[in-house]
**Student:** 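Sharing a structure below in structure tokens format, with a few things to ask.
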Amino acid sequence: MKRLQFKLIPFIISVLIVVVSVTGICLYAYKGYDTNKIRFVNSYFNYEDHSAQSTEEQIKNYTKFSSAYYSVPADEFKFTDVKSGFEYNETASQNSKNFIDGATYANGVLHLEGWFDIAPYAVTTYNSDTQDWVYSYYFYVYNVNYKYASLINNLYFCFVDGIGGDEDNFVGTYKLNAVIEEFKEDKYPGANGTNLPTYTYNGKNASSYAMYIYDLNATGSFAEKDDKVYRLISLSETLSTSDKETLTESRWLYQMKNATFSIFYSGEESSSSISPENLIEIVRGTYTSKYEKGSDFNAAASVKDSGVYEGYAEDLNKAGYGKFIFTRILITGLITFAISGVLAVLFYLIWQDSPEEAEERKQYKLEKKKRKQRKADN
């Protein structure tokens with residue numbers, strides 16, 4: 001057997017074949033292959049098995065995924081019964097004057113017996129157009145009892161400036177009473193409705209299906225196994241008729257030092273407008289601001305026990321894509337290494353002959369061909 005000779009340039013080229021092949025394929029599988037990212041998104045949102053996580057866990061994971069920073073603002077909100085004025089806490093309310101008996105507010109979750117649960121979240125997202133932080137509050141509504149046909153679609157959230165107040169100081173409770181009456185009179189001063197939180201991964205070559213949060217414990221005659229979690233939004237304050245005479249635009253909830261709010265139901269029919277004759281207030285409450293702007297909220301994440309946490313801002317890598325894809329990338333890399341290794345060895349063997357040896361073989365084959373030709377001619 002001929003002894004192999006080490007040749008630097010062929011060796012370097014052979015190694016590069018392996019390195020470039022493995023690196024290129026692995027990078028493409030990690031960054032450029034949309035199917036892997038869709039697999040991760042499906043896994044993160046439990047697309048194939050909604051029951052793999054509780055509704056509460058789904059809400060938290062969605063909030064963490066979609067926001068730059070987030071918190072459960074339990075201390076910023078207080079909820080009260082609309083008839084008795086009883087403030088809900090961790091002890092179930094029992095009062096003959098209550099509109100809802102057995103309601104509790106504990107660990108940042110409002111439980112309204114016979115209606116639904118509400119989980120408030122504070123979040124920030126970055127608006128690249130305005131180059132500013134958007135600071136928002138959302139109220140996730142789940143464990144819904146669908147005793148009415150379109151309960152979620154007909155929920156509204158309205159808030160007004162101030163807490164308390166009196167007839168001479170038109171804020172808080174007095175202003176809220178006024179705007180609720182305007183709703184009932186069909187003047188519709190403006191309220192925040194619900195939206196359906198969803199996420200879709202859009203890659204260069206493929207897109208995922210829409211990912212939702214599923215209400216696993218929805219009940220009532222209209223409940224379905226794939227009911228989705230909606231959320232009440234708090235984008236702008238409700239301005240009364242008198243407000244509109246002096247104010248040109250409404251504020252966001254976080255822009256107020258404090259506010260009084262109502263969550264109400266507009267009736268059974270499915271409609272984008274409020275039905276005054278069927279308006280039912282479900283719960284009232286107050287809000288006290290803790291942060292003046294989104295950047296202050298974000299900065300609190302670095303403070304121990306602030307309750308503000310960094311989210312993923314829809315960054316798949318932050319959300320754990322690398323860990324999810326590691327085994328698949330490893331297998332892909334090993335297969336590529338084996339195939340490219342064989343090709344690299346073959347390439348290196350081709351270069352084992354020296355130029356002189358190669359020329360001698362060429363001349364030998366040429367002479368052999370000539371001898372055959374001469375025999376044929378004779």
**Student:** Are the side chain of Asp34 and the backbone of Asn205 linked by a donor-acceptor contact shorter than 3.5 Å?
**Tutor:** yes
**Student:** To the closest 0.5 Å, what do you measure between SG (Cys158) and NZ (Lys175)?
**Tutor:** 11.5 Å
**Student:** Please report the C-alpha distance between Lys83 and Lys97 in whole Å, then the side-chain angles of each, then the deciding distance to 0.1 Å, and finally whether the side chain to side chain contact (heavy atoms under 4.5 Å, CB included) criterion is met.
**Tutor:** CA-CA 6 Å; Lys83 287 189 176 180; Lys97 296 181 180 180; 5.6 Å; no
**Student:** Are any side-chain N or O atoms of Glu237 and backbone N or O atoms of Arg251, one a donor and one an acceptor, separated by less than 3.5 Å?
**Tutor:** yes
**Student:** If you count the non-hydrogen atoms of other residues, nucleotides and ligands that lie under 6.0 Å from CG in Asp226, is the total more than 12?
**Tutor:** yes
**Student:** Report yes if the side chains of Ile282 and Val82 come closer than 4.5 Å at any heavy-atom pair, otherwise no.
**Tutor:** no
**Student:** Using a cut-off of 6.0 Å, state whether more than 12 heavy atoms not belonging to Asp75 lie near its atom CG.
**Tutor:** no
**Student:** Could you give the distance from CD1 (Ile280) to CG (Asn154), rounded to the nearest 0.5 Å?
**Tutor:** 10.5 Å
**Student:** List the steps, then state whether side chain to side chain contact (heavy atoms under 4.5 Å, CB included) holds for Asp215 with Asn143.
**Tutor:** CA-CA 6 Å; Asp215 191 356; Asn143 293 342; 3.9 Å; yes
**Student:** Testing the 3.5 Å rule here: is there a donor-acceptor pair between the side chains of Asn95 and Ser93?
**Tutor:** no
**Student:** Quick one: does Gln58's side chain get under 4.5 Å of Leu216's, heavy atoms only?
**Tutor:** yes
**Student:** Taking side chain as C-beta onward, heavy atoms only, is Ser84 less than 4.5 Å from Phe99?
**Tutor:** no
**Student:** I'd like to know whether Met211 forms a side chain to side chain contact (heavy atoms under 4.5 Å, CB included) with Thr200, so could you lay out the CA-CA distance, the side-chain angles of the two residues, the decisive distance to 0.1 Å, and finally the verdict.
**Tutor:** CA-CA 6 Å; Met211 304 293 160; Thr200 303; over 6 Å; no
**Student:** Rounded to the nearest 0.5 Å, how far does OG1 of Thr80 lie from CG of Asn98?
**Tutor:** 10.5 Å
**Student:** Might you work through the ring pair (Phe, Tyr, Trp, His ring centres under 6.0 Å) test for Phe297 and Tyr291, ending with a clear yes or no?
**Tutor:** CA-CA 6 Å; Phe297 178 83; Tyr291 304 98; 5.4 Å; yes
**Student:** Taking everything shown except Glu48 itself, do over 12 heavy atoms lie less than 6.0 Å from its CD?
**Tutor:** no
**Student:** Answer with yes or no whether the hydrophobic clustering places Leu155 together with Tyr146; edges join I, L, V, M, F, W, Y residues whose side-chain heavy atoms lie under 4.5 Å apart.
**Tutor:** yes
**Student:** Can you establish whether the number of heavy atoms outside Glu314 located under 6.0 Å from its atom CD is more than 12?
**Tutor:** yes
**Student:** Nearest 0.5 Å, please: how far is CG in Leu253 from CG in Leu235?
**Tutor:** 10.0 Å
**Student:** Only counting residues at least two apart or in another chain, list the ones meeting side-chain hydrogen bond (donor to acceptor under 3.5 Å, both in side chains) with Asn46.
**Tutor:** Gln53
**Student:** Does Ile163 belong to the same Ile/Leu/Val/Met/Phe/Trp/Tyr cluster as Ile180, with side-chain heavy atoms less than 4.5 Å apart forming each link?
**Tutor:** no
**Student:** Among all residues two or more places apart in sequence or in another chain, which pass the salt bridge (Lys or Arg N to Asp or Glu O under 4.0 Å) test with Glu281?
**Tutor:** Arg284
**Student:** Using the ring pair (Phe, Tyr, Trp, His ring centres under 6.0 Å) rule, take Tyr287 and Phe261 through it: C-alpha gap first, then chi angles, then the decisive distance, then the call.
**Tutor:** CA-CA 8 Å; Tyr287 160 80; Phe261 62 84; 8.2 Å; no
**Student:** CD/Glu310 to OH/Tyr70 distance, rounded to the nearest 0.5 angstrom?
**Tutor:** 10.0 Å
**Student:** What I'd like to find out is whether the side chain of Thr55 reaches to under 4.5 Å of the side chain of Val229, using heavy atoms alone.
**Tutor:** yes
**Student:** Counting only heavy atoms from other residues, nucleotides and ligands, does the tally under 6.0 Å from NZ of Lys147 exceed 12?
**Tutor:** yes
**Student:** Please name all residues satisfying side chain to side chain contact (heavy atoms under 4.5 Å, CB included) with Thr104, sequence neighbours left out, ordered by chain then number.
**Tutor:** Ala92, His111
**Student:** Keeping Tyr44 on the side-chain end and Asn61 on the backbone end, is there a donor-acceptor pair under 3.5 Å?
**Tutor:** yes
**Student:** Not counting sequence neighbours, which residues clear side-chain hydrogen bond (donor to acceptor under 3.5 Å, both in side chains) with Thr63? List them please.
**Tutor:** Tyr140
**Student:** Assess whether side chain to side chain contact (heavy atoms under 4.5 Å, CB included) is satisfied between Trp115 and Leu151, documenting all intermediate values.
**Tutor:** CA-CA 9 Å; Trp115 289 83; Leu151 177 62; 4.1 Å; yes
**Student:** Where the side chain of Asp227 meets the backbone of Tyr214, is there a donor-acceptor pair that is under 3.5 Å apart?
**Tutor:** no
**Student:** Please list all pairs passing the side chain to side chain donor-acceptor pair (under 3.5 Å) test where one or both residues lie in residues 125-134, with sequence neighbours left out.
**Tutor:** none
**Student:** Which residues pass the ring-ring contact (aromatic ring centres under 6.0 Å, His included) test with Tyr199, sequence neighbours left out?
**Tutor:** Phe45, Phe65
**Student:** If you apply the rule side-chain hydrogen bond (donor to acceptor under 3.5 Å, both in side chains), what do you find for Arg39 with Asn36, and how did you get there?
**Tutor:** CA-CA 5 Å; Arg39 288 193 185 103; Asn36 283 337; 2.6 Å; yes
**Student:** Any side-chain heavy atom of Val283 sitting closer than 4.5 Å to one from Ile100?
**Tutor:** no
**Student:** Taking the side chain from Asn89 and the backbone from Tyr105, do they hold a donor-acceptor pair closer than 3.5 Å?
**Tutor:** no
**Student:** Mind checking whether Val179 and Val160 have side chains closer than 4.5 Å, heavy atoms only?
**Tutor:** yes
**Student:** I want to check something: taking the side chain as every heavy atom from C-beta on, are Ile233 and Tyr138 in contact at a cut-off of under 4.5 Å?
**Tutor:** yes
**Student:** Check step by step if salt bridge (charged side-chain N to carboxylate O under 4.0 Å, His left out) holds for Glu76 and Lys290.
**Tutor:** CA-CA 7 Å; Glu76 294 165 54; Lys290 194 173 181 179; 5.1 Å; no
**Student:** Checking Tyr230 against Asn195 for the side-chain hydrogen bond (donor to acceptor under 3.5 Å, both in side chains) test, could you report, in this order, the C-alpha distance in whole Å, the side-chain angles of both residues, the deciding distance, and whether it holds?
**Tutor:** CA-CA 6 Å; Tyr230 285 73; Asn195 65 11; over 6 Å; no
**Student:** Would Val171 end up clustered with Leu176 when hydrophobic side chains under 4.5 Å apart are linked, directly or stepwise?
**Tutor:** no
**Student:** Among side-chain atoms of Thr124 and Asn298, is any donor-acceptor pair under 3.5 angstrom?
**Tutor:** yes
**Student:** Using a cut-off of 6.0 Å, state whether more than 12 heavy atoms not belonging to Tyr309 lie near its atom OH.
**Tutor:** no
**Student:** Describe, in one word, how the ring planes of Tyr135 and Tyr137 are oriented to each other, choosing from parallel (under 30°), tilted (30 to 60°) and perpendicular (over 60°).
**Tutor:** tilted
**Student:** Say you draw a straight line from CG of Asn202 to OG of Ser207; how long is it, rounded to the nearest 0.5 Å?
**Tutor:** 4.0 Å
**Student:** Relative to each other, are the rings of Phe79 and Phe77 parallel, tilted or perpendicular (30° and 60° limits)?
**Tutor:** parallel
**Student:** Take Thr288 and Asn258, measure what side-chain hydrogen bond (donor to acceptor under 3.5 Å, both in side chains) needs, and give me the verdict at the end.
**Tutor:** CA-CA 4 Å; Thr288 302; Asn258 45 55; 5.6 Å; no
**Student:** Side chains of Ser43 and Val41, heavy atoms from C-beta outward: is any pair under 4.5 Å?
**Tutor:** no
**Student:** Under 6.0 Å from the six-membered ring centre of Tyr212 and within 45° of its axis: does the NZ or CZ of Lys228 meet both?
**Tutor:** yes
**Student:** Going by the angle between their ring planes, with limits at 30° and 60°, are Trp252 and Tyr254 parallel, tilted or perpendicular?
**Tutor:** perpendicular
